[in-house]
J.: 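Encoded as structure tokens, here's the structure I'll be asking about.
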Amino acid sequence: MIADIVIAGAGPNGLMLACELSLAGIRPLVLERLPERTQDNRANGLVGQVVRMLDRRGLYERLAGSQDPPRPAHGFVFGALPIDLSVLDDNRFYILQVPQRRIEQMLEERAVELAVEIRRGHELTGFTQDADGVTLQVSGPAGPYTIETRYLIGADGGHSIVRKLAGIAFPGVTTDDTIARTAHAVVPAEFVDPATGGLDIPGYGPIPRFLHHRTERGLFVYAPLPGAPAPLISTTEWNGQDAEGPLTFAELQASAHRVLGVNIAFGPPDGQGPHLMRKLNGGNTRLAERFRDGRVLLVGDAAHVHSAIGGPGLNLGLQDAVNLGWKLAAEARGTAPAGLLDTYESERRPVAERVVMSSRAQSALIAPGSEVTGLRALFSELLGDPRNVRRIADLISGADIRYEVGSDHPLAGRWAPDLDLKDGVRLAELTRDGRPHLIDFTGDDWGYPATAGLPGSAVPCTALLLRPDGYVAWATDVPQPDTASRASLRAAIQRWLG
Ligand SMILES: Cc1cc2nc3c(=O)[nH]c(=O)nc-3n(C[C@H](O)[C@H](O)[C@H](O)COP(=O)(O)OP(=O)(O)OC[C@H]3O[C@@H](n4cnc5c(N)ncnc54)[C@H](O)[C@@H]3O)c2cc1C
């Protein structure tokens, strides 16, 4: 069998990449070893620029169940320290609370609409590559078979066989000093504060909902997530003893007692379990040395793993997929300018490095001990300054990403601002086809005077070239096209679109 592009793994990032390739006119084949979509849930939400990115593909409304554009969040957390986003005059921080199961279901439905073939119960077991292509060994329900393809994408998660067989090192650290226990559990009704929706525990005090709550002995989370059978309760302890066997409610209760110093009687929700009952020992923070080896590329957890604190995983992985999709499609069509595919790694690996830095910093801030309490007090003071709130918010959302695109306009290389275009059309509605766009604001009917600042930005701009992934490849502020601006636009088109 022959396929243009094969994606190993139908997790969120493999499915997103499949959708992007298909939008760009290349139908990939997706291999997934699980016979059915997993009912396990990992992420409880999307945090940061990924929410805007999904909006720009028309996928946000499918998850949010509303036609309204995303609205900025009022607050979030960094290392279990509350961040007040309402102090920002131009708040661009978005959150969407939605279980990963639902994200995967939506992306699979979208991929099927776009005529992507997904083979479930088909496991990639090996491959070899040469200059012309990749030969895959696959184990399917009817036995082993081979596939010839031009490109293989490893979207096969943190234990990626693609990464291992490609010989790509995965340096980083593995820690074994934490135990995180998580379950859907009923808490005594009298402990729930109807005014805040959080807990108010006699002998302890208030615990806000959704936020990591740190004590000098560990972490506690109370998250009454919409649609869940009962609130999600989670504890994290350091250097604790692991009780043998699967998590029980009694074990969760004992752990919460050690962290908070008070007793809370957790009970199982109504209905059949397993009520999540997850116990994770330690964690990995690792970043692939390279994202590409010849005709083999990595996306998502196959390329990077880190702590789930702050929920950065899908913000990073889904945007890897959107960065790679249009470039790989151009390469497969034979229209890609030289070096385009290499910019996947040169653009996305530094972003992953920043996520690793941020998640390590947050892991330090949530650790137990009085010296960490001191560090947190200092951080809290710093977060009283809106400039620091802006900096942290931009770091965790990824709004500070600026790719090197070869144009010196302040918007070049950045995420294009959310614009309202003519006839009330939002930029996010224009970009759903995943194509590049050249937007000229100088015509009368745009309603933008030639050198007006863009909404949400004080930067004068009269035209911009938008890459398919929503980043600005080129922009200008000249009132009318002149020789220099025409030449720089032509160079940008050649550099990014061939
Ligand atoms: C407890 C926890 C909580 C988290 N919370 C959040 C959160 O709130 N927000 C957030 O953004 N992120 C969160 N994350 C991170 C997020 O879940 C991951 O980043 C995300 O699942 C990675 O997606 P992926 O598609 O790269 O890999 P995966 O989801 O791991 O999918 C890989 C797929 O590849 C398949 N596969 C593997 N090997 C093969 C093979 N050889 N052949 C064929 N198929 C194969 C697997 O079966 C799987 O379906 C959390 C993670 C954990 C563990």
J.: Mark yes when over 12 heavy atoms from residues, nucleotides or ligands other than Asp408 sit less than 6.0 Å from its CG; otherwise mark no.
T.: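 No, because the 6.0 Å sphere around CG of Asp408 holds 12 heavy atoms or fewer from other groups.
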
J.: Can you tell if the side chain of Asn388 reaches within under 4.5 Å of the side chain of Phe379, non-hydrogen atoms only?
T.: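 Contact flag for Asn388/Phe379 side chains = no.
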
J.: Would you say the side chain of Arg27 lies within less than 4.5 Å of the side chain of Asp4, judging by non-hydrogen atoms?
T.: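 No - every pair of side-chain heavy atoms lies 4.5 Å or more apart.
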
J.: How far apart are the closest heavy atoms of Leu466 and Ala416, and which atoms are they?
T.: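 Smallest heavy-atom distance, with atoms named: CD1-CB, 3.2 Å.
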
J.: Are the side chain of Asn284 and the backbone N or O of Arg286 linked by a donor-acceptor pair below 3.5 Å?
T.: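 Not at all, since once roles are kept as given, no pair shorter than 3.5 Å links the two residues.
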
J.: So how far is it from Leu63 CG to Gln97 CD, rounded to the nearest 0.5 Å?
T.: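 CD of Gln97 is found 13.0 Å from CG of Leu63.
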
J.: Check for a donor-acceptor pair, side chain of His409 on one end and backbone N or O of Pro460 on the other, with a separation under 3.5 Å.
T.: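 Judged by distance alone, yes, a pair lies under 3.5 Å.
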
J.: For the pair Glu289 and Arg163, find out whether any cationic side-chain nitrogen is under 4.0 Å from an anionic carboxylate oxygen.
T.: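 Arg163 and Glu289: not salt-bridged.
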
J.: What distance do Phe76 atom CZ and Asp84 atom CG have between them, rounded to the nearest 0.5 Å?
T.: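 The distance works out to 14.0 Å.
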
J.: Would Arg102 and Glu108 pass as an ion pair if we require N to O under 4.0 Å?
T.: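 Glu108 and Arg102: not salt-bridged.
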
J.: I would like to know whether Ile95 and Leu46 meet side chain to side chain contact (heavy atoms under 4.5 Å, CB included); could you show each step before the answer?
T.: CA-CA 6 Å; Ile95 302 170; Leu46 297 167; over 6 Å; no

J.: Are the side chains of Arg426 and Arg56 in contact, using a 4.5 Å heavy-atom criterion?
T.: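 They are not in side-chain contact.
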
J.: If you measure from CG on Leu421 to NE2 on His437, what distance do you get to the nearest 0.5 Å?
T.: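 Reported value, rounded in 0.5 Å steps: 10.0 Å.
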
J.: So, taking the atom named CG in Leu59 and the one named SG in Cys19, what distance separates them when rounded to the nearest 0.5 Å?
T.: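 Nearest 0.5 Å value for the CG-SG distance: 7.0 Å.
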
J.: For Thr125 and Gln137, run side chain to side chain donor-acceptor pair (under 3.5 Å): C-alpha distance rounded to whole Å, both residues' side-chain angles, the deciding distance at 0.1 Å, then the answer.
T.: CA-CA 6 Å; Thr125 54; Gln137 282 87 49; 5.4 Å; no

J.: Under a 3.5 Å distance rule, please check whether Ser363 uses its side chain to pair with a backbone N or O of Ser359 as donor and acceptor.
T.: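 Flag set: sc Ser363 to bb Ser359 pair under 3.5 Å.
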
J.: Kindly compute the distance separating CZ (Arg278) from OG (Ser234), expressed to the nearest 0.5 Å.
T.: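 These two atoms lie 7.5 Å from each other.
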
J.: Could you tell me whether the side chain of Trp474 reaches within less than 4.5 Å of the side chain of Ser488, counting heavy atoms only?
T.: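 Result yes, sub-4.5 Å side-chain heavy-atom pair found.
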
J.: Within the side chain of Gln129, is there an N or O that forms a donor-acceptor pair under 3.5 Å with the backbone of Arg295?
T.: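 Yes.
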
J.: Side chains of Leu318 and Asn13: does their closest heavy-atom pair fall under 4.5 Å?
T.: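 Touching, per the 4.5 Å side-chain cut-off.
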
J.: Could you check whether His304 and Phe170 have their ring centres less than 6.0 Å apart?
T.: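 Ring centres of His304 and Phe170 not closer than 6.0 Å.
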
J.: Do other residues, nucleotides or ligands put more than 12 heavy atoms under 6.0 Å from the CZ atom of Arg435?
T.: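 No, CZ of Arg435 has 12 or fewer neighbouring heavy atoms, counting only those of other groups under 6.0 Å.
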
J.: Test salt bridge (charged side-chain N to carboxylate O under 4.0 Å, His left out) on Arg119 and Glu117; report intermediate values, then the result.
T.: CA-CA 6 Å; Arg119 290 192 186 170; Glu117 182 184 350; 2.8 Å; yes

J.: Are His74 and Leu85 packed together at the side-chain level, in the sense that at least one heavy-atom pair is separated by less than 4.5 angstrom?
T.: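 Counting from C-beta outward, His74 and Leu85 never come under 4.5 Å.
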
J.: Return the minimal non-hydrogen interatomic distance between Ala473 and Trp496, and the atom names on each side.
T.: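 Here Ala473 and Trp496 meet closest at CB-CD1, 3.7 Å.
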
J.: If we check ring-ring contact (aromatic ring centres under 6.0 Å, His included) with Tyr403, which of these qualifies: Trp415, Tyr344, Tyr471?
T.: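 So, applying the ring-ring contact (aromatic ring centres under 6.0 Å, His included) to Tyr403 and each of Trp415, Tyr344, Tyr471, only Tyr471 qualifies.
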
J.: For a side chain to side chain donor-acceptor pair (under 3.5 Å) check, start with the C-alpha distance between Gln49 and Asn315, then their side-chain angles and the critical distance, and finish with the verdict.
T.: CA-CA 7 Å; Gln49 294 289 92; Asn315 192 30; over 6 Å; no

J.: Apply side chain to side chain donor-acceptor pair (under 3.5 Å) to residues Asp40 and Gln100 and explain how you reach the verdict.
T.: CA-CA 9 Å; Asp40 291 350; Gln100 184 163 332; over 6 Å; no

J.: Can you find a pair of side-chain heavy atoms, one from Ile153 and one from Val6, that are under 4.5 Å apart?
T.: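 Not in contact.
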
J.: Any side-chain donor-acceptor pair under 3.5 Å between Glu123 and Ser139?
T.: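 Note: Glu123 and Ser139 side chains miss the donor-acceptor criterion.
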
J.: Locate the shortest heavy-atom distance separating Asp400 from Asp394; write the atom from each residue and the value.
T.: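 So the two residues come closest at OD1-O, 3.3 Å.
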
J.: Checking Leu328 against Leu21 for the side chain to side chain contact (heavy atoms under 4.5 Å, CB included) test, could you report, in this order, the C-alpha distance in whole Å, the side-chain angles of both residues, the deciding distance, and whether it holds?
T.: CA-CA 8 Å; Leu328 186 59; Leu21 286 167; 4.1 Å; yes

J.: Before giving the answer on side chain to side chain contact (heavy atoms under 4.5 Å, CB included), spell out for Val50 and Tyr94 the whole-Å C-alpha distance, their side-chain angles and the decisive distance to 0.1 Å.
T.: CA-CA 8 Å; Val50 64; Tyr94 298 87; over 6 Å; no

J.: Taking 4.0 angstrom as the limit, do Glu104 and Arg101 come out as a salt bridge?
T.: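 Result for this pair is no, no salt bridge flagged.
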
J.: Can you tell me if Glu36 has over 12 outside heavy atoms packed within less than 6.0 Å of its CD?
T.: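 Not more than 12 within 6.0 Å, no.
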
J.: Determine, stepwise, if the pair Leu324 / Leu341 fulfils side chain to side chain contact (heavy atoms under 4.5 Å, CB included).
T.: CA-CA 8 Å; Leu324 178 58; Leu341 195 52; 3.8 Å; yes

J.: Looking at Arg57 and Glu20, is any side-chain nitrogen of the basic one under 4.0 Å from a carboxylate oxygen of the acidic one?
T.: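 Salt bridge present between Glu20 and Arg57.
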
J.: With side chains defined as the heavy atoms from C-beta onward, is the minimum distance between Ile147 and Val138 less than 4.5 Å?
T.: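 The answer is yes; the side chains approach within 4.5 Å.
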
J.: Looking at CG of Leu465 and CG of Leu411, how far apart are the two atoms once the value is rounded to the nearest 0.5 Å?
T.: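 If I round to the nearest 0.5 Å, the distance is 12.5 Å.
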
J.: Within the side chain of Glu32, is there an N or O that forms a donor-acceptor pair under 3.5 Å with the backbone of Ala10?
T.: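 Pair found, side chain donor or acceptor close to backbone of Ala10.
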
J.: Please report the shortest heavy-atom distance between Leu88 and Pro386, naming the atom on each side.
T.: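 The pair with the smallest heavy-atom distance is CD2-O, 3.7 Å.
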
J.: Donor-acceptor pair, Arg292 side chain versus Gly294 backbone, under 3.5 Å?
T.: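 At least one qualifying donor-acceptor pair exists.
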
J.: Taking Ser358 for the side chain and Ile396 for the main chain, is one N or O donor matched with an acceptor at less than 3.5 Å?
T.: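 Judged by distance alone, no pair lies under 3.5 Å.
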
J.: Write down the atom of Ala303, the atom of Leu298, and the distance for their closest heavy-atom approach.
T.: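 Ala303 and Leu298 have their closest heavy atoms at CB-CB, 4.0 Å.
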
J.: Backbone N or O of Arg387 within a donor-acceptor pair of the Arg391 side chain at under 3.5 Å?
T.: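 No, Arg391 side chain to Arg387 backbone: no donor-acceptor pair under 3.5 Å.
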
J.: Can you tell me if Arg402 has over 12 outside heavy atoms packed within less than 6.0 Å of its CZ?
T.: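 Check passes, neighbour count above 12.
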
J.: Does Glu347 form a salt bridge (charged side-chain N to carboxylate O under 4.0 Å, His left out) with Lys327? I'd like the steps, not just the answer.
T.: CA-CA 12 Å; Glu347 291 185 345; Lys327 297 174 181 174; 2.8 Å; yes

J.: Which of these, Asp320, Val299, Thr343, sits in a side chain to side chain contact (heavy atoms under 4.5 Å, CB included) with Arg348?
T.: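 Among Asp320, Val299, Thr343, the one that satisfies the side chain to side chain contact (heavy atoms under 4.5 Å, CB included) with Arg348 is Asp320.
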
J.: Taking all heavy atoms of Pro12 and all of Leu107, pick out the closest pair and write down the distance.
T.: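 Heavy atoms of Pro12 and Leu107 come nearest at O-CD1, 3.5 Å.
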
J.: Looking only at atom types and distance, does a side-chain atom of Glu345 sit under 3.5 Å from a main-chain N or O of Phe291, one as donor and one as acceptor?
T.: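 Yes; at least one donor-acceptor contact below 3.5 Å.
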
J.: Measure from the side-chain N and O atoms of Lys164 to the backbone N and O of His159, and report whether any donor-acceptor pair falls under 3.5 Å.
T.: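 Indeed, once roles are kept as given, a pair shorter than 3.5 Å links the two residues.
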
